[in-house]
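A quick write-up on the structure given underneath.
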Amino acid sequence: MGSIAKEIDAKELEKEFLPFLRMYKDGTVERLLGTPYVLPSPLDPETGVSSKDITISQDPSISARLYLPKLNQTHHQKLPILVYYHGGGFCIESAFSSDHHRFLNSLVAQGQVVAVSVEYRLVPEHFLPNAYEDCWAALQWVASHVKDDNVVSKEPWLMNHGDFSRVFLGGDSAGANIVHNMAMRAGVESLHDGVKLLGAFLTHPYFWGSKPVRSEASEGHDKALPCLVWNFVYPNAPGGIDNPMINPFVETGAPSLAVLGCSRVLVAVAEKDELRDRGVYYYEELIKSKWEGEAELVQVEGEDHAFHVLNFETENAKTLIKRLASFLLK
């Protein structure tokens with residue numbers, strides 16, 4: 001470890017984006033936050049969930065960790081499919097991170113779903129909108145399994161156990177932002193026949209905008225961390241912080257939430273989270289739009305951003321995961 005630290009110290013710093021990462025002139029990136037990667041498990045001892053890693057695309061590089069709950073050998077019904085997008089401000093964390101692996105083991109066991117946790121490309125190696133394109137490609141890959149052809153290498157866990165008429169999207173933080181944008185795109189661009197995007201859950205969704213919402217401070221609003229993150233991960237975003245992908249409520253240019261391409265939505269927010277008001281506002285605007293689905297809002301007191309992933313062992317985390325599981329079981 002000492003030699004690695006000396007090697008990093010010897011490099012010439014090009015730019016740093018604290019508290020997340022440092023970029024060096026030789027092209028390497030040092031990520032300062034995030035949990036270690038863990039290997040998939042053929043059988044998680046606590047939950048009985050199996051996991052494995054697969055490649056979706058070589059170019060661009062898109063992979064995923066698949067999860068399969070313990071199956072009842074006498075009961076062969078197909079299971080809902082959850083396509084999950086991890087959080088991390090588009091620049092840290094991974095589908096292979098220990099915190100997301102632990103969270104999804106629990107959710108898959110309780111929710112009885114086949115899960116595809118997408119490993120999309122991160123900033124600064126690949127600036128937005130690359131992650132959005134990767135996540136759409138992953139959703140299309142899942143949907144392509146219903147096609148009666150041999151073009152796509154079929155994934156056995158999806159083919160043997162997945163119910164393509166019950167597909168869900170889920171994500172936390174930046175991943176919840178991706179969920180919104182994928183559901184909006186699915187409402188305009190159809191998935192394959194035989195695939196139904198039934199629902200989506202957004203936990204502590206990452207939205208922002210140039211104008212403060214409710215309790216957000218007006219002073220220094222454009223210097224708040226959510227604004228700085230967006231400007232860093234998508235420097236060429238049309239409209240900047242009011243691009244509809246980060247601000248679905250912007251008055252000009254944002255498509256109506258009525259086109260959201262699923263029939264059920266759950267939004268979860270945390271009391272101490274800086275993004276809380278945006279999540280509540282998203283829920284309210286969705287209800288007020290002409291979207292013809294069913295929306296639910298879950299508010300957790302005394303907790304901060306992504307607590308159910310980062311503080312997995314707490315009672316509030318377990319309660320929220322149970323709530324997400326029940327949303328998938330309906």
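From a predicted model like this one, the values you see are computed outputs, not experimental measurements. Starting from 1, each residue takes its place in the sequence as its number.
A salt bridge links Arg278 to Glu216: one of the charged nitrogens lies within less than 4.0 Å of a carboxylate oxygen. Ionic pairing of Lys25 and Glu14 is not present here: no N-O contact between side-chain nitrogen and carboxylate oxygen is shorter than 4.0 angstrom. Under the 4.0 Å criterion applied to side-chain N and carboxylate O atoms, Glu30 and Lys15 are not assigned as salt-bridge partners.
When only modelled atom types and interatomic distance are considered, His100 and Tyr84 share no side-chain donor-acceptor pair under 3.5 Å. Side-chain N/O atoms of Asp44 and Thr47 include a donor and acceptor closer than 3.5 Å.
Within the structure, the side-chain hydrogen bond (donor to acceptor under 3.5 Å, both in side chains) test picks out the following pairs touching residues 221-237 (sequence neighbours left out): Trp208-His221.
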Take Ser215 and Asp277, measure what side chain to side chain donor-acceptor pair (under 3.5 Å) needs, and give me the verdict at the end. CA-CA 7 Å; Ser215 67; Asp277 287 344; 2.3 Å; yes
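Residues satisfying the ring pair (Phe, Tyr, Trp, His ring centres under 6.0 Å) criterion with His101, sequence neighbours excluded, are Tyr67. Residues satisfying the side-chain hydrogen bond (donor to acceptor under 3.5 Å, both in side chains) criterion with Ser106, sequence neighbours excluded, are Gln110.
No more than 12 heavy atoms of other residues, nucleotides or ligands sit less than 6.0 Å from atom NZ of Lys322. Counting heavy atoms of neighbouring residues, nucleotides and ligands inside a 6.0 Å radius, atom NZ of Lys272 does not exceed 12 of them.
A ring-centre distance under 6.0 Å is not found for His126 and Tyr120.
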